[in-house]
Amino acid sequence: MINSNRENSIVVELSDITKLYTQGSLEVQALRGLDLTVGKGEFTALIGPSGSGKTTTLNLVGGLDSPTSGSVAVEGVDLGTLNRKELSRLRRDRIGFVFQSYNLIPVLTAYENAEMVMWVQGVPAPERRRRVMELLRAVGLEGLEDRKPTELSGGQQQRVAIARAIASDPAVVLADEPTANVDSETAENLISLMETLNRDRGVTFLFSTHDPRVVERVKRVVRLVDGRVDSDEVRAG
């Protein structure tokens with residue numbers, strides 16, 4: 001049974017994390033004693049050179065990978081204590097994902113992609129429709145709900161992905177290079193959208209990014225170097 005305290009202001013906590021990968025006879029240490037906490041409502045970016053551990057950190061928080069040592073907790077729940085079914089349920093209900101490649105289901109419409117998590121959760125159809133239409137309006141896709149991914153621009157597909165990510169009212173949205181595959185104007189619009197969701201809805205975002213436009217707009221910047229926190233800047237306002 002998963003027990004979580006949703007009133008806890010700490011949403012994500014990584015404690016003394018190490019992560020080793022084996023590539024043939026070569027051992028690569030991606031994270032080296034990483035400590036990081038993310039509070040409710042934060043708008044935070046992980047930055048750093050390629051290989052610094054940004055995506056590895058997001059994968060650990062999302063339960064897509066497990067640490068070699070140390071602990072990862074979401075809303076006070078230690079992911080290492082969960083069985084496969086419990087971990088899957090926590091990912092479904094409490095963690096949203098936005099990837100640079102969108103990861104939409106190509107045979108489903110924008111509406112159906114955004115609805116998917118709630119359908120799996122067993123939310124009644126009338127409630128699903130109300131919430132999906134409200135989400136699509138919030139991300140600027142009202143009127144495009146019947147289009148499939150191939151009928152949408154890259155920016156529109158990413159908006160569907162953002163709607164899907166927040167559909168379950170997750171504790172945190174993990175956004176891995178969310179502006180990497182769109183043009184400059186679209187990137188600015190996506191950042192503004194996520195900023196609005198953070199400000200108006202209190203959605204907690206944790207980015208992995210190289211995009212200076214994202215870095216300029218977030219409220220906290222954590223720089224990783226060689227798998228450790230090199231600096232942690234919290235901005236006023």
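Hydrogens, waters and symmetry mates play no part in the numbers below; they use all other heavy atoms, side chains included.
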Enquirer: Roughly how far, to the nearest 0.5 Å, is OG1 of T56 from CG of L31?
Expert: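 Taking CG in L31 and OG1 in T56, the distance rounds to 5.5 Å.
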Enquirer: Can you list the residues that meet the salt bridge (charged side-chain N to carboxylate O under 4.0 Å, His left out) rule with R213, with sequence neighbours excluded?
Expert: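 In terms of salt bridge (charged side-chain N to carboxylate O under 4.0 Å, His left out), with neighbours along the sequence ignored, R213 is linked to D211.
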Enquirer: Would you give the length of the straight line joining atom CG of N103 to atom CD of Q158, rounded to the nearest 0.5 angstrom?
Expert: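 That separation rounds to 9.0 Å.
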Enquirer: On a heavy-atom basis, which atom in R131 and which in A167 lie closest, and how many Å separate them?
Expert: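 For R131 versus A167, the nearest heavy atoms are NH2-O, 2.8 Å.
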Enquirer: Could you point out which residue of T44, L36, V38 forms a side chain to side chain contact (heavy atoms under 4.5 Å, CB included) with V12?
Expert: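 For V12, the side chain to side chain contact (heavy atoms under 4.5 Å, CB included) test succeeds with only one of T44, L36, V38, which is V38.
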Enquirer: Output a table of donor-acceptor pairs, distance under 3.5 Å, between side-chain atoms of residues 112-123 and any protein atom two or more places apart or on a different chain; print 'none' if there are none.
Expert:
residue: E112; atom: OE1; partner: T109; partner atom: N; Å: 2.9
residue: E112; atom: OE1; partner: T109; partner atom: OG1; Å: 3.4
residue: N113; atom: OD1; partner: I105; partner atom: N; Å: 2.8
residue: N113; atom: ND2; partner: I105; partner atom: O; Å: 3.2
residue: N113; atom: ND2; partner: L108; partner atom: O; Å: 3.2
residue: N113; atom: ND2; partner: T109; partner atom: O; Å: 3.1
residue: E115; atom: OE2; partner: R128; partner atom: NE; Å: 2.8
residue: E115; atom: OE2; partner: R128; partner atom: NH2; Å: 3.4
residue: Q121; atom: NE2; partner: D93; partner atom: OD1; Å: 2.8

Enquirer: Who are the side-chain hydrogen bond (donor to acceptor under 3.5 Å, both in side chains) partners of D176, not counting sequence neighbours?
Expert: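 Expected list: T55, S208.
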Enquirer: Under 4.5 Å between side-chain heavy atoms, hopping through other hydrophobics if needed: is there a path connecting V98 to V215?
Expert: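 They do share one cluster, since a chain of ILVMFWY contacts under 4.5 Å joins V98 to V215.
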Enquirer: Looking at residues at least two apart in the chain, or sitting in another chain, which of them share a side chain to side chain contact (heavy atoms under 4.5 Å, CB included) with S69?
Expert: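 With neighbours one apart ignored, the set is T18.
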Enquirer: Do M194 and V221 sit in one hydrophobic cluster, given that two such residues count as connected whenever their side-chain heavy atoms are within less than 4.5 Å of each other, even indirectly?
Expert: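 Yes; tracing contacts between hydrophobic side chains, which count when under 4.5 Å, links both residues.
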Enquirer: Taking side chain to side chain contact (heavy atoms under 4.5 Å, CB included) as the definition, give me every residue that meets it alongside D35, ordered by chain and number, with sequence neighbours left out.
Expert: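 Per chain and number, D35 pairs via side chain to side chain contact (heavy atoms under 4.5 Å, CB included) with S15, D16.
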Enquirer: Has N198 got a side-chain atom pairing as donor or acceptor with G41's backbone, closer than 3.5 angstrom?
Expert: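 A pair under 3.5 Å: yes.
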Enquirer: Identify whether V173 and L90 are in the same connected component of the hydrophobic contact network (ILVMFWY, side-chain heavy atoms under 4.5 Å).
Expert: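 Each belongs to a different hydrophobic cluster.
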Enquirer: Test of understanding: clusters of I, L, V, M, F, W, Y form through side-chain heavy atoms closer than 4.5 Å, transitively. Do L136 and L197 belong to the same one?
Expert: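 Yes.
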Enquirer: Taking atom CD1 of I191 and atom OG1 of T179, what is their separation to the nearest 0.5 Å?
Expert: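 So the CD1 of I191 and the OG1 of T179 are separated by 5.5 Å.
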Enquirer: What about F207 and V172, same hydrophobic cluster or not, with Ile/Leu/Val/Met/Phe/Trp/Tyr joined at side-chain heavy-atom distances under 4.5 Å?
Expert: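 Different clusters: F207 never reaches V172 through Ile, Leu, Val, Met, Phe, Trp or Tyr contacts under 4.5 Å.
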Enquirer: Supply the atom-to-atom distance R92 CZ to L87 CG, rounded to the nearest 0.5 angstrom.
Expert: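 Rounded to the nearest 0.5 Å, the CZ-CG separation comes to 12.0 Å.
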Enquirer: Under 4.5 Å between any side-chain heavy atoms of E195 and K219, yes or no?
Expert: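 In short, these two side chains touch, coming nearer than 4.5 Å.
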Enquirer: Measuring from atom CG of L14 to atom OG1 of T57, what distance do you get when rounded to the nearest 0.5 angstrom?
Expert: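 It comes to 6.5 Å.
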Enquirer: Taking all non-hydrogen atoms of both residues, which atom of R159 and which atom of V139 are closest, and how far apart?
Expert: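 Answer, listing the atom of R159 first, then V139: NH1-O, 2.6 Å.
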Enquirer: Ignoring hydrogens, what is the shortest heavy-atom contact between F43 and V218? Give both atom names and the distance.
Expert: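 For F43 versus V218, the nearest heavy atoms are O-CB, 3.2 Å.
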Enquirer: Quick one, L104 and R164 - any side-chain contact, counting heavy atoms below 4.5 Å?
Expert: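 Of all side-chain heavy-atom pairs linking R164 with L104, at least one is under 4.5 Å.
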Enquirer: Rounded to the nearest 0.5 Å, how far does OG of S101 lie from CD of Q157?
Expert: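 Rounded to the nearest 0.5 Å, the CD-OG separation comes out at 10.0 Å.
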Enquirer: If you link ILVMFWY side chains whenever their heavy atoms are less than 4.5 Å apart, which other residues fall into the same cluster as V234? By chain and number, please.
Expert: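 Members alongside V234: none; it stands by itself.
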Enquirer: Please identify each residue that fulfils salt bridge (charged side-chain N to carboxylate O under 4.0 Å, His left out) with R130, with sequence neighbours left out.
Expert: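 Partners of R130 under the salt bridge (charged side-chain N to carboxylate O under 4.0 Å, His left out) test: E127.
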Enquirer: Checking S192 side chain against E188 main chain: does a donor-acceptor pair fall under 3.5 Å?
Expert: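 Judged by distance alone, yes, a pair lies under 3.5 Å.
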Enquirer: Mark yes or no for whether K19, through its side chain, and Q29, through its backbone, hold a donor-acceptor pair below 3.5 Å.
Expert: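 Side chain of K19 to backbone of Q29, a donor-acceptor pair under 3.5 Å: no, none is there.
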Enquirer: Evaluate the side-chain contact (heavy atoms from CB on, under 4.5 Å) criterion for residues F205 and V214: first the C-alpha distance (whole Å), next the side-chain angles of each, then the deciding distance (0.1 Å), finally the verdict.
Expert: CA-CA 12 Å; F205 281 91; V214 175; over 6 Å; no
Enquirer: Sequence neighbours left out, what passes side-chain hydrogen bond (donor to acceptor under 3.5 Å, both in side chains) with D183? Give chain and number order.
Expert: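 Once residues adjacent in sequence are excluded, the partners of D183 under the side-chain hydrogen bond (donor to acceptor under 3.5 Å, both in side chains) criterion are T186.
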Enquirer: Sequence neighbours excluded, which residues qualify as side chain to side chain contact (heavy atoms under 4.5 Å, CB included) partners of E216?
Expert: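 Once residues adjacent in sequence are excluded, E216 has no partner under the side chain to side chain contact (heavy atoms under 4.5 Å, CB included) criterion.
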Enquirer: So, do L79 and L60 sit near enough that their side-chain heavy atoms are less than 4.5 Å apart?
Expert: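 They are not in side-chain contact.
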Enquirer: Test: salt bridge (charged side-chain N to carboxylate O under 4.0 Å, His left out). Region: residues 41-53. Which pairs qualify, not counting sequence neighbours?
Expert: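 Found E42-R220.
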Enquirer: Of the non-hydrogen atoms in I17 and G70, which two are nearest, and what is the gap between them?
Expert: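 Scanning both residues, the minimum pair turns out to be CD1-C, 3.7 Å.
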Enquirer: Given 3.5 Å as the limit, does a donor-acceptor pair link the side chain of K54 with the main chain of L224, or not?
Expert: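 Such a contact is absent between K54 side chain and L224 backbone.
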Enquirer: Check V61 against V74 and note the closest heavy-atom contact, atom names and distance.
Expert: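 The pair with the smallest heavy-atom distance is O-CG2, 3.8 Å.
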Enquirer: Who passes side chain to side chain contact (heavy atoms under 4.5 Å, CB included) against F97, sequence neighbours left out?
Expert: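 F97 satisfies side chain to side chain contact (heavy atoms under 4.5 Å, CB included) with L64, R91, I95, F99, L174 only.
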Enquirer: Where is the tightest heavy-atom contact between Y102 and V182, given as atom of each residue plus distance?
Expert: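 Closest approach of Y102 to V182: OH-CG1, 3.7 Å.
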Enquirer: Can you give the donor-acceptor pairs under 3.5 Å from side chains of residues 140-155 to other protein atoms, not counting sequence neighbours?
Expert:
residue: E145; atom: OE1; partner: G143; partner atom: N; Å: 2.8
residue: E151; atom: OE1; partner: K148; partner atom: N; Å: 2.8
residue: S153; atom: OG; partner: Q156; partner atom: N; Å: 3.2
residue: S153; atom: OG; partner: Q156; partner atom: OE1; Å: 3.4

